[in-house]
Amino acid sequence: MLTLAMSDPPSRDALAQYTTGARALDTLGIVGFFAAAGAVLARLGSVEGVFAEPLMWGALLAGYIGADFFSGTVHWFFDTWLSVRTPVLGTMFVRPFREHHVDRTAITRHGFVEVNGSNCLATCPVLVAALLLDPGSPGGRLLMAFLLALCLGVFATNQFHKWAHLSDPPRAVRWLQAAHLALGAEHHALHHAAPYDRHYCITTGWLNRPLDRIGFFRALERGISWLSGASPREEDTALT
Ligand SMILES: [Zn+2]
Ligand SMILES: [Zn+2]
């Protein structure tokens with residue numbers, strides 16, 4: 001277990017600690033994710049001509065864009081407000097964010113389970129909810145498609161993020177990055193400059209410029225600081 005005295009900043013070793021329990025839970029999450037995503041796809045595909053509907057492709061695209069927004073919002077929230085000492089979420093979910101700013105290449109040495117497990121765990125309940133929708137109704141199948149693309153995009157996020165940090169990515173990955181279907185390395189490098197407060201979206205990065213331009217996260221921070229009295233990025237700033 002990750003154990004930290006409240007007054008000590010977490011050490012580099014503590015941040016790199018990936019426990020056996022966390023690995024087991026992540027593995028379960030990955031199995032559950034693929035089973036649930038496969039079931040949603042099969043249920044959606046059981047409707048004849050479903051992928052010939054233009055709105056269906058609109059829903060899939062909206063889900064993929066939604067994943068980029070979700071990645072940015074969650075990344076911002078964990079970087080800015082939570083702590084590795086936050087109960088329940090700290091060890092499993094916040095720790096990798098803190099480790100990543102201290103050692104950005106650590107992610108390139110993490111295996112498939114460590115990279116992708118937490119996002120699979122987070123999306124399983126959404127996929128189960130999608131399974132309860134009725135693909136026989138137009139609204140039901142559009143929402144199913146949206147949620148499926150959203151969850152597939154969220155699942156891909158940490159893998160895309162890892163690829164953005166590889167010094168020599170495989171050719172297929174370079175193609176995806178050049179086509180802007182996956183997060184680009186140069187684009188993402190803008191996040192890795194102190195104080196780590198911009199370009200939070202890490203699925204495709206499509207929304208980074210619009211969100212930075214309108215000051216989306218700064219406005220949220222002002223609101224949260226006003227309501228709670230907390231300062232943004234306290235733990236992250238102490239570590240980096
Ligand atoms: Zn970050
Ligand atoms: Zn990164």
Side-chain angles (χ1 to χ4, degrees), residues 2 9-12 14-18 26 67-86 89-119 122 153-170 173-174 176-178 180-213 215-221 224-225 230-240:
L2 181 62
S11 69
R12 201 177 171 113
L15 291 175
Q17 209 170 353
Y18 185 50
D26 281 348
D68 199 41
F69 179 74
F70 188 73
S71 77
T73 307
V74 170
H75 181 179
W76 161 79
F77 190 72
F78 279 51
D79 272 7
T80 308
W81 301 108
L82 296 188
S83 162
V84 292
R85 298 183 182 91
T86 301
L89 292 176
T91 306
M92 279 294 287
F93 294 96
V94 183
R95 179 196 62 81
F97 285 91
R98 294 293 177 277
E99 182 193 26
H100 187 57
H101 286 186
V102 173
D103 179 2
R104 73 179 73 175
T105 61
I107 192 173
T108 66
R109 300 186 293 277
H110 295 168
F112 185 84
V113 171
E114 186 170 358
V115 169
N116 298 298
S118 52
N119 280 3
V154 171
F155 162 71
T157 295
N158 280 355
Q159 192 63 49
F160 287 177
H161 183 200
K162 173 180 174 175
W163 286 341
H165 283 284
L166 292 180
S167 55
D168 187 19
V173 171
R174 284 203 302 269
L176 279 174
Q177 293 173 338
H180 300 287
L181 292 172
L183 182 67
E186 282 181 26
H187 178 89
H188 178 57
L190 295 173
H191 177 67
H192 282 278
Y196 303 86
D197 64 349
R198 56 187 294 228
H199 273 46
Y200 288 103
C201 300
I202 51 174
T203 310
T204 57
W206 293 347
L207 296 181
N208 278 324
R209 288 195 177 94
L211 291 178
D212 284 348
R213 197 164 296 142
F216 181 74
F217 293 112
R218 295 299 86 77
L220 288 180
E221 286 166 12
I224 290 176
S225 287
S231 303
R233 284 173 288 284
E234 273 185 320
E235 185 176 79
D236 198 53
T237 304
L239 285 165
T240 55

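Atoms within each ligand, like the ligands themselves, are counted from 1 in listed order.
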Checklist line | the Zn ion (ligand 2) to His161: nearest N/O/S atom name | finding: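 It is NE2, the N, O or S atom of His161 closest to the Zn ion (ligand 2).
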
Next item on the list: For the Zn ion (ligand 2), find the closest N/O/S atom on His192 and give its atom name.
Entry: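 The atom in question is NE2.
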
Check: Is there a side chain to side chain donor-acceptor pair (under 3.5 Å) between Asn208 and His191 once you walk through the steps?
Finding: CA-CA 10 Å; Asn208 278 324; His191 177 67; over 6 Å; no

Next item on the list: Flag the pair Phe97 / Leu82 as yes when at least one side-chain heavy-atom distance between them is below 4.5 Å, and no otherwise.
Entry: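 SC-SC contact between Phe97 and Leu82 ruled out.
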
Checklist line | Any side-chain heavy-atom pair of His180 and His187 under 4.5 Å | finding: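 No - every pair of side-chain heavy atoms lies 4.5 Å or more apart.
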
Notebook entry, point to check: Where do Gln159 and Val115 land on the side chain to side chain contact (heavy atoms under 4.5 Å, CB included) test, with the steps shown first?
Noted result: CA-CA 7 Å; Gln159 192 63 49; Val115 169; 4.1 Å; yes

Note to self: When you measure from the Zn ion (ligand 1) to the N, O or S atoms of His75, does any of those distances fall below 2.8 Å?
What the structure shows: yes

Notebook entry, point to check: Would one find an N, O or S atom of Asp236, in either backbone or side chain, under 2.8 Å from the Zn ion (ligand 1)?
Noted result: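 No.
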
Margin query: Checking one value in my table: which N/O/S atom of Asp79 lies closest to the Zn ion (ligand 1)?
Written below: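 Within Asp79, restricted to N, O or S, the Zn ion (ligand 1) is closest to atom OD2.
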
Check: How many degrees, to 10°, between His188 NE2 and His165 NE2 as seen from the Zn ion (ligand 2)?
Finding: 100°

Next item on the list: Could you walk me through whether Tyr200 and Phe216 pass side chain to side chain contact (heavy atoms under 4.5 Å, CB included), step by step?
Entry: CA-CA 11 Å; Tyr200 288 103; Phe216 181 74; over 6 Å; no

